[in-house]
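Here's the structure, in structure tokens; my notes come after.
Numbers restart at 1 for each chain; the letters A, B, ... are given by sequence-line order, proteins then strands. Keep in mind it's a predicted model, so treat the numbers as computed, not measured.
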Amino acid sequence: MTSHPDLPRETFRLRMLIFDTRYRSLTIQIVTLAGFMLLVSWMISNTVQNLAELGKPIEFGFLGNQAQYDINQTLIAYTSRDTHLRAAVVGLLNTLLVAFLGCALATVMGVTIGVLRLSRNWLVARLMTVYVELFRNVPVLLWILFFMAILIESLPPPNAFRGEDATASMLLGDSVALTNRGFYIPEPLFSRSLGDLSVFGAFEISLDLVAFLAVLAAGLWVSARIRARADRIQNRTGLRPTTWYLRLGVVVLPLLILLAALGFHLGYPELRGFNFRGGIYMRNSLIALWLALSFYTAAFIAEIVRGGILAISKGQTEAAAALGLRPNRIMSLVILPQALRVIIPPLISQYLNLTKNSSLAIAVGYMDITGTLGGITMGQTGRELECVLLMMLFYLAISLVISTAMNWYDARVRLVER
Amino acid sequence: MSDPVIDPSRPAVSEEVAIDILGMNKWYGAFHVLRDINLTIYKGERIVVCGPSGSGKSTLIRCINRLEDHQAGRIVVEGIELTSDLKHIDQVRSEVGMVFQQFNLFPHLTILENCTLAPIWVRKVPRREAVDIAMSYLEKVRIPEQANKYPGQLSGGQQQRVAIARALCMRPNIMLFDEPTSALDPEMIKEVLDTMIALAEEGMTMICVTHEMGFARQVANRVIFMDQGQIVEQNAPEAFFNAPRSDRTRLFLSQILGH
Amino acid sequence: MSDPVIDPSRPAVSEEVAIDILGMNKWYGAFHVLRDINLTIYKGERIVVCGPSGSGKSTLIRCINRLEDHQAGRIVVEGIELTSDLKHIDQVRSEVGMVFQQFNLFPHLTILENCTLAPIWVRKVPRREAVDIAMSYLEKVRIPEQANKYPGQLSGGQQQRVAIARALCMRPNIMLFDEPTSALDPEMIKEVLDTMIALAEEGMTMICVTHEMGFARQVANRVIFMDQGQIVEQNAPEAFFNAPRSDRTRLFLSQILGH
Amino acid sequence: MSDAPSHDTAFVRDAMLPPAPAPASSAGPLGWLRRNLFSSWLNAALTLLSLALVAWLLAAVLPWIVHSSWTVSSLSECRAQIKEAYGPEASGACWAVIRERWAQLIFGFYPSELYWRPILAFGIALGGMAPVLFPGVPRKVLYLSVAAPFLVPWLLWGGTVWLPVAVALGFVLGCAAFRLVTPFGGAILGTIAAALVPVMWWFWLAGPASAQLQAVLPLGIEPVSSRSFGGFMLSVTIGVTAITLSLPFGILLALGRQSRMLIVKSICVGVIEFVRGVPLITLLFVAWLLLNYFMPPDTNFDIVLRVIIMVTLFASAYVAEVIRGGLAALPRGQYEAADALGLDYWKAQRLIIMPQALKISIPGIVSTFIGVFKDTTLVSIIGLLDPVGFSNSIRADVNWNGIVWELYGFIAALFFVFCFSMSRYSMYLERRLRTEHR
Amino acid sequence: ATLDDVKARGKLNCGTNTGLVGFAAPDANGDWQGFDVAVCRAVAAAVLGDSSAVEFVPTTGKTRFTALASGEIDMLVRNTTWTFSRDVDLKFTFVGVNYYDGQGFMVPKALGVSSAKELDGATVCIQTGTTTELNLADFFRVNNISYEPVPIETNEQAQQQYLAGACDVYTTDASGLAATRATFEDPSAHVVLPEIISKEPLGPLVRHGDDEWADIVRWTLNALIAAEEYGVTSANIDELTATVTTNPEVNRLLGTEGALGGMLGLSPDWAVKAIKAGGNYGELFEKYIGQNTPIGLARGLNAQWTDGGLMYAPPFR
Ligand SMILES: Nc1ncnc2c1ncn2[C@@H]1O[C@H](COP(=O)(O)OP(=O)(O)OP(=O)(O)O)[C@@H](O)[C@H]1O
Ligand SMILES: Nc1ncnc2c1ncn2[C@@H]1O[C@H](COP(=O)(O)OP(=O)(O)OP(=O)(O)O)[C@@H](O)[C@H]1O
Ligand SMILES: [Mg+2]
Ligand SMILES: [Mg+2]
């Protein structure tokens, strides 16, 4: 194939922009881009003009000003003399906290309910159906308000614990107090504490926690090695050594030793003054939000789990059973690996939904990012544009991270097809 | 009808009993699926079960490895009675291999892993040995080169042959087949039947639900015809096909062989 | 091999050129699918294209109505050169009808609506007239009584005949067929081929990718054999089948006619 | 037979066995109980536990619901009445607040003599959706579907009849522009014209034109400002409008996202991912706080309108993803067949692709609608009086200060009934789609 | 200008609370009632001659300023404290004070607390988005005692938490405390502590930059206050307008002398209409929040200056 009568190069004419498939898509894209840019720049110029008229040019300097308000729930040190920026960071961490707690509880509940919905027990299956339908067909905002109201109305106030004729008492040997302000649980204390580590002078991280995590990680690593060894032995001899006590031991024992070395003891909450003092205090707002988000999301997760398990056809279980596999092995070797592929992607998008729904925290006064940056800060400084922009950026960043994780997982586990 | 093709090498049947079913009854709720089944199968026998749809063929063989439980009567497999005792069920299941209509391969495992899974976890065979066994059976079903592919990448016929190899890897004494070819295209049916014929020639005890009458003539010692949850007729294949004694059998055969 | 069956009524071929392909090349990315194709097809010719899988047959006929674009060389259809000019593409497409292996009927429209859609929206024919045309073609393919059913309610052979009728409703001068029978069961293949033969007898210019050699012998003026993206051999059917000149053709024919 | 089986097993059954009744353990109510509730120790324990839970819940809630008061007009009277009727320890529900305020919870401040208008409007909206939602609806109903988008807002907001007419005229103008321009300008210019002409008409001419017409021929009904919208009606209005409007945008976004043109694709992906990545509440903040900034100085949209705009944007992104799924489910052959018949892009989309893709997507769209509808409760956070917002206002009335559960319960029940029936419906649709021949 | 807009529209857009007992709440017929609402009605009557020509826009603590700044509403009467930064930085004009308030604390009597200084470690419910948050932070810091803030979105939720004992203290403007307390089952079980930790002058506000409009709102409010001072009530106003009184100040107020209305761009009897809309300041007070209502607020600081209060309308001349 040496030469072929090639097309004579056509000279360009204007109508080719529209009628020639080669240039056509270029035209469309340029028109679209131009239209989009026009729209955006029109809106930006309007905004600039409007804000100039109001005398509020866009600037973020206000973040450096004193916030002047207090926040009850903080993961890092904060006082009303700190800046708006720090208040925003407090809110951000609070969002992440409730999102994390919510995802964890929702997963546990969702999986349990999803599995129970498939139970052969008629009553249990029906009850779970009622649960799922009830929770997913009522707005989450109402659930949040409901849970808050239930906590407030049904639990005793701290002063009911007081005095001779106390109407309420602490649980578990006076270590846990459930009040309508929140739950007080014992806190870990260390009599030989390692102290705190200051990061950039802005945050303090407890060295005890760091040490704990380090030992835990080491324990888990050793445990994984033991498992790998068990795998090797099984491959060689066919017999799998029983290792669970060993694996548990290497994780738990060093931790116990570390705790003993640090002088670990529990600080119990006790009623002093108006409130309980000491212990870890989980406020109502956090608990209500946490429970409502988890219960609501669990209904969706339950459906996902149920769908995932149903998607693994009955045939898979039967085939595995016919090979003589025991039910627990069927679960771990055949059903779970397959069901997880179906379950995890929608599960992750439920996590994303939960995180986004946590922005309803303001309904119960939990100081997440919409409560601090998008709430009090915005109200006090009148910087709506800047605050909303920052909030959106934060949520976008979260969803970007989560969807990247999901895509990665998706690509990793996709079943090989023809 | 032409003369039945009888394979001269058809191995003889021993005296030992492989499966003994005595007055077995099964209900689904109030629906009486299996009615008073009495059946003795000897080692090395190849039984073909046929009958109209819904007659309980699948249920019968699923009872034999206790994928379903029966409510009355006894089933004794290789001397072990099937009760709700888990130990017995496990023993029986590792003696009995089963091949399903829908293959039911594990799509997340490679062909090789499909075949070694049960030997490793149930029989506690060292992995290397399990792989050797698996490869030998994959060679027997003539697809050793596919060992590292996933089920989704294979054709239906290949998948069904893998399913057979997977069951064989447990070195069962008895094989159950539930319409192994009915989900396959015609050209694939042949490759699967060939595999099964080869297996029969080695003297494996087999119970096979199928409507492939050619296969039945070629390998079966006995053909069982079921209807409405009962064994209506059983006989050697030539007698069964040439001189069916019951009206129902005749009707069924005329329908099946009609085209 | 027996003598080719030559239909005595096979219409003569005119002098006018229907399709002219000159030094055409096409790449998918870096993969050279069609290599230097030169082919002239006259009005009224019936061409059968055959060749091994992946040889570029489909790609070739898809280039003719520009479902794919080519990167070098020229394709002139009914005097209109296929460039990237939309007007030309539209003109060519309304001159050329195409029938796909997978029928590709529109499942949400009735048979009649499938057939009248393009005449109404592309040719701007009044609805009443379009219905008349459609009914006449549906009669030609012998399924007028199905006109108000949906494609999902028809058998594969019927669907393929509807697909042919749908293409004919645009009154094309040229018909392209891409393995129209390969997704069909044997008994349905015949009804579709009969329809195509009837069409051929009317003198329609046809290019047909098919492995139905009986059909090729009966209606083709010319058989083209492709391999590796090139036209390896072309000839009148009797010569092609009886005295293939290239080794590859011989090999291919022996495989195809082997069973 | 050389190798006849050594056991003569030949057997023929002469008389067929009749089915025998199942043993008690597997049939009858006892069998049912055993199988479904007490099949093992674990199951029995679970059953008892569940029963205890149900009993406990009912014991806690039932007396409260039953020991109720329906007739009084304030919370204190209600408490007194319940104490009197059921003893000093009894606590019961003051359903009287619902009796007094249910109309507000449902219609907000909408003038009570005009309640027929929203009711009729939602009837029409439902009728308009019927051809999509139910099989075998007569074709004539399609006229209603076309008219509904203009009729419904007119009924809700009232005012001159010429405004909806003028708006509808915009679409006619768009079509006309497309027809006129396409022959010489091609589909691209045609599309641009079809988009620009109506937009210009709506922006600059529709208002004056309808005012002129109104002056010449006054035809209209009493206008109701969207400030008066509230309660459940507000939720439904926002939800239904947003979903309806989001369909065209969702389709465009989905097509854009499927497109091979990089710029178009990235713009659409950007918009979709942005909207899906932020919580609705931030978009509502934008509606309340920022949307007016984005507009030229001195334009002032109604807040309900602004909320509808943002919720529409929100719904569009989700609908786009649903429709993308529908598009992906279509085989490539459909596109090719359309091409081969000579249909151009828009005709192929309109006649071939969209009808099928949308049909597949309907269950997904219904689910999206349920989600959006539930999310409309968030407007209470920006001070609109949807049912949740209204419950706060009712509690600000001296008479009802302090009432909680009755209002929340009523609102939750309203939402539950609505959403539950919708979700059942979408499941039915899904089943229907699966069984229908495609 | 805003006046022209309002006249063209035929309706006054007035921002109010989404619901605050005594100050703004819709009744069973869907009509807004309350002390703040009455100011809106008076302005509407003065400008448009119709006290019902008001579109009430419920706003939250977060949304109120934007609504005003963006022109969504013409004026805001939502117990909004007049502060420096709101006036100067947020660019609003406070046209007067319709209620002098101060932040106070309410506690259950059973707690045995008699001063806010004894509240060390207490849990305090506050409504967010208001100045109370800032005052509270300052108060406790200055007194070097600790507290646990519980931010709450609406007054109703705050009340619910307080009653259930989820907070020891409820703090908000003293008027709000009184109003809330009044609706309790047993109001006597709760006390409002003596400390008033802040000055909270509450009043209507408008946007910067439209002084004519600000004047209208300012003088409508003043007219209500002055009317009380001069004894002009909704009962005797018709009589007083019909016969020119001896008091020239009253005459100028009622438009029977001079042309004050014209200077505002309104009709001469603008103030008459405003007063007739609901009554003079004192009447409004008594009707919505006074001693004889369930809320039962004393006039206190809000009495006329002649009675030792701060209500002092500049002269109408
Ligand atoms: N899990 C079940 N619950 C209730 N009835 C069942 C169940 N499984 C099967 N059946 C019923 O039991 C009867 C026998 O079913 P079985 O599958 O054994 O028939 P079969 O002879 O294998 O039919 P086919 O040739 O269609 O596979 C049928 O009527 C079937 O409807
Ligand atoms: N869209 C595409 N992108 C890249 N390669 C393609 C594409 N479509 C086809 N090919 C490749 O081009 C070659 C020719 O394909 P084509 O479909 O024309 O073959 P064919 O002769 O019709 O084969 P068959 O008989 O299997 O239909 C094949 O190797 C195929 O893999
Ligand atoms: Mg079966
Ligand atoms: Mg092809």
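Side-chain contact between Trp121(B) and Arg240(A) is present, with heavy atoms from C-beta onward closer than 4.5 Å. Side-chain contact check for Leu325(A) versus Leu117(B): some heavy-atom pair is nearer than 4.5 Å. Considering only heavy atoms from C-beta on, Ile335(A) stays 4.5 Å or farther from Phe106(B) through its side chain.
Close approach to chain A, defined as a heavy atom under 4.5 Å from one of its heavy atoms, is seen in Arg93(B), Val96(B), Met98(B), Phe100(B) of residues 91-100 of chain B, taken by number. For residues 124-135 of chain B, a heavy-atom distance under 4.5 Å to chain A picks out Lys124(B), Val125(B), Pro126(B), Arg127(B), Arg128(B), given by residue number.
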Sequence neighbours left out, cut at 3.5 Å: what donor-acceptor pairs do the side chains of residues 219-230 of chain A make with other protein atoms?
| unit_1 | atom_1 | unit_2 | atom_2 | d |
| --- | --- | --- | --- | --- |
| Ser223(A) | OG | Arg247(A) | NE | 3.1 |

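The contact between Arg329(A) and chain B is made entirely by side chain atoms (from C-beta outward), counting heavy-atom distances below 4.5 Å. Contact annotation for Ile120(B): both backbone and side-chain heavy atoms come within less than 4.5 Å of a heavy atom of chain A. Contact of Ile89(B) with chain A is not made at all, since no heavy-atom distance falls under 4.5 Å.
Side-chain N or O atoms of His108(B) include none that pairs as donor or acceptor with a backbone N or O of Arg341(A) at under 3.5 Å.
Put simply, of Leu239(A), Ile312(A), Val334(A), the one with the most heavy-atom pairs under 4.5 Å next to chain B is Val334(A). Chain A forms the most heavy-atom pairs under 4.5 Å with one residue out of Lys149(B), Arg62(B), Arg123(B), Arg66(B), and that residue is Arg62(B).
Heavy-atom contacts from other residues, nucleotides or ligands closer than 6.0 Å to CZ of Phe100(A) number 12 or fewer.
Between Gly324(A) and Asp90(B), the shortest heavy-atom contact is O-OD1, 4.4 Å.
Listed by first and then second residue, the salt bridge (charged side-chain N to carboxylate O under 4.0 Å, His left out) pairs involving residues 157-174 of chain B are Arg161(B)-Glu191(B) (not counting sequence neighbours).
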